[in-house]
Every structure is written in C-alpha cells, then in structure tokens.
Amino acid sequence: MIKKLIEKLLGGKGEYRDFITEINRLESELEKLGEQELKDKSNDLKKTVRENEQKLNEFGLICLAFGLVREAAKRTLNQRHFDVQLIGGLVLHQGKIAEMMTGEGKTLAATLPAYLNALSGRGVHIITVNDYLARRDAVWMGQIYKALGLSIGCLTHEAAFLYDSDYVSKNQEAPEIENKLDKERDALGSFKIAQEFLRPISRKEAYLADIIYGANHEF
C-alpha cells in the first residue's frame, strides 16, 4: 500500500518528487554540521520567517526546514524520516489530511510541519486523544524541537508543563528517576520518554511555547 502511494506521488515530476529530491540532497550537507551549527541554521530560518511569513511556502525554505528536522531526529532519537513521512509532512503543511496506518510514523511525520510553522512564532498546537499521549509526545518529540532551538509545552487535564531536559536533575527523586531512565534507555535505545522531564508551569506559559501538545478537550 505504502509502496504504491510513493510510486503514485513520486512517479512523475510533480511537486512532491521535487521536494523529496531536494530534502534528500541536503542530508549529506546537514550531517556535517555540529550541534550549535544546526541550531544556528534553525535560528536563521526563524528570523527569515518572522521578517516575512510568506516565505513559509517557499520551496527552498521548506526543504531546509524538513532537512533540519530529519537531522535533529537522527541525532536525538536515532530515527530518520522516510520519504513517505516527508510526503505526509508536506501534505499537512498544505492544509490537507494525511492518513497513515498504525506503525507508519504519524508522530514523527507531524514534527516536520509542526517545526516549519512554529518558525513564525504564532505557536503550533498538536492535538492528541488523551493526556498520556500528550505527555509522551511532548517529551519524545520535544528532543527534536529542543535541538533546533524551539520550546515545547504540554497541556493535560490536571496541569501544564514545559519540556525541560535539565529538569530531572533538579527533582528531589533524581536518583530513582535516573535508574528508571537507564531502564528505558536499555529498552528504547536513545529514546528518553520520561515524564520527569516535564517542568510544571501555568497554562498561560504553556500557550506561549513554540509547539504545544495536548488532548483535544484541553485546548
């Protein structure tokens, strides 16, 4: 099914084929950048978009933004966006619906248009079906956004949070949490899905984050 979709979308010289070709071409260039250089490129994009929001739809800017997200995901989560996920991100950015089956990487695909549109400073809301997924994805995908210089909020029924990779060290139960994280790293590789990285804040502060995860009934 996926193979047929890719062949259909990439078979000709359409817009998706051109985007995917350029994003893939950029990959080798972005791999050579250091962590700060990657963040600097992200900050340059942010400045460009905030000076002229129309640039959000420019071919070159979209390709670079998607390329940065893919590279950040590889470094933080050891996950690389496949071409079909890049297509899903492009479809969402265009205001269309992208349907993906369980296991095809919806959560990772959503980081692409989320990052791109967060560059404007207007804020991006990613809606999940429950509080657990909101917390999980804020921490899991938050690592990508953090590497690119963006802030990540989370809304739940009981509280609001900001993803903070240093917060665990300030927690009174840090030793126990560290042991828990070690077990999670063993099971999940480079993933760091632990709610202890969520620092409690006010709901108003959460809404000021560049990207905010939350259940549908919390917004």
Side-chain angles (χ1 to χ4, degrees), residues 9 15-16 18-20 22-23 26-27 30 38-74 76-77 79-100 104-129 133-134 136-155 160-163 203-216 218-219:
L9 293 176
E15 59 177 328
Y16 294 118
D18 295 338
F19 275 110
I20 301 306
E22 177 61 14
I23 295 168
L26 287 169
E27 187 167 14
L30 296 176
L38 201 70
K39 186 173 290 187
D40 288 343
K41 271 199 173 295
S42 178
N43 288 331
D44 288 342
L45 274 189
K46 188 189 303 183
K47 181 179 179 182
T48 297
V49 171
R50 294 187 183 186
E51 289 177 350
N52 183 0
E53 201 167 328
Q54 296 301 315
K55 290 185 177 291
L56 269 180
N57 294 309
E58 287 190 355
F59 176 83
L61 191 143
I62 292 175
C63 291
L64 179 54
F66 276 40
L68 287 171
V69 174
R70 175 193 263 178
E71 184 58 29
K74 286 160 55 179
T76 58
L77 304 181
Q79 287 192 310
R80 177 183 180 274
H81 295 75
F82 294 114
D83 287 357
V84 68
Q85 292 168 319
L86 297 177
I87 294 170
L90 290 166
V91 169
L92 289 174
H93 175 63
Q94 293 173 343
K96 302 173 184 176
I97 295 173
E99 182 178 6
M100 301 176 73
E104 290 179 352
K106 295 185 289 293
T107 304
L108 190 62
T111 59
L112 298 159
Y115 167 77
L116 174 61
N117 287 274
L119 294 172
S120 69
R122 294 179 179 272
V124 170
H125 298 170
I126 300 181
I127 299 173
T128 66
V129 297
L133 290 177
R136 185 202 70 175
D137 292 352
V139 174
W140 187 13
M141 298 296 114
Q143 297 172 78
I144 298 175
Y145 308 125
K146 178 75 179 295
L148 297 174
L150 298 185
S151 57
I152 308 93
C154 177
L155 284 180
F161 306 91
L162 190 71
Y163 170 67
R203 296 180 81 84
K204 182 176 181 180
E205 289 176 297
Y207 275 111
L208 294 177
D210 294 309
I211 296 171
I212 181 169
Y213 285 83
N216 52 6
E218 294 302 327
F219 285 98

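Predicted model, so just to flag it, every value in this text is computed and none were measured.
Residues R50 and L119 form no side-chain contact, since every pair of their non-hydrogen atoms from C-beta on lies 4.5 Å or further apart. In this structure, Y115 and L45 have side chains that are in contact, with non-hydrogen atoms separated by less than 4.5 Å. A heavy-atom distance below 4.5 Å is not found between the side chains of D210 and V124. Using a 4.5 Å cut-off on side-chain heavy atoms (C-beta onward), Y207 and F219 make contact. Residues L30 and R70 are not in side-chain contact: their nearest non-hydrogen atoms beyond the backbone lie 4.5 Å or more apart. By the 4.5 Å heavy-atom criterion applied to side chains, Q79 and Q85 are not counted as neighbours. The side-chain heavy atoms of M141 and I152, taken from C-beta on, include no pair separated by under 4.5 Å. Within the 4.5 Å cutoff, the side chain of L116 has no heavy atoms near those of the V49 side chain.
Atom CG of L150 is separated from atom OG of S42 by 5.5 Å, given to the nearest 0.5 angstrom. Separating the OH atom in Y16 from the CG atom in L90 is a distance of 6.5 Å, to the nearest 0.5 Å. Between K39 atom NZ and K146 atom NZ the span is 6.5 Å, to the nearest 0.5 Å. The CZ atom of F59 sits 11.5 Å away from the CG atom of L64 when rounded to the nearest 0.5 Å. Expressed to the nearest 0.5 Å, how far CE of M100 lies from CD1 of I87 amounts to 9.5 Å. Once rounded to the nearest 0.5 Å, the distance linking CD1 of I62 with CD of E22 reads 12.0 Å.
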- Query: What do the steps show when you test V69 against F66 for side chain to side chain contact (heavy atoms under 4.5 Å, CB included), and what is the final call?
  - Reply: CA-CA 5 Å; V69 174; F66 276 40; 5.8 Å; no
- Task: Could you go through the side chain to side chain contact (heavy atoms under 4.5 Å, CB included) check for R136 and T128 one step at a time?
- Result: CA-CA 10 Å; R136 185 202 70 175; T128 66; over 6 Å; no
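The heavy-atom pair separating A138 from G153 by the smallest distance is CB-O, 4.2 Å. Heavy-atom minimum distance, A114 versus I126: CB-CD1, 3.7 Å. Contact detail for I127 and A215: the closest heavy-atom pair is CG2-C, 4.2 Å. Of all heavy-atom pairs between I144 and A73, the closest is CD1-CB, 3.7 Å. Heavy atoms only, all atoms of each residue included: I212 and A206 are closest at CD1-O, 3.5 Å. Heavy-atom minimum distance, I23 versus L86: CG2-CD1, 3.9 Å.
At least one donor-acceptor pair closer than 3.5 Å links the side chain of H81 to the backbone N or O of L108.
With sequence neighbours left out, F82 forms a ring pair (Phe, Tyr, Trp, His ring centres under 6.0 Å) with no residue at all. Taking the side-chain hydrogen bond (donor to acceptor under 3.5 Å, both in side chains) definition, one finds that N57 meets it with H93, sequence neighbours left out. Under the salt bridge (charged side-chain N to carboxylate O under 4.0 Å, His left out) criterion, E58 pairs with K55, not counting sequence neighbours.
Ion pairing of E71 with K41 is absent here, as no side-chain N (NZ or NE/NH1/NH2) approaches a carboxylate O to less than 4.0 Å.
Between Y213 and Y145, the angle of the ring planes lies from 30° to 60°, which puts this pair in the tilted group.
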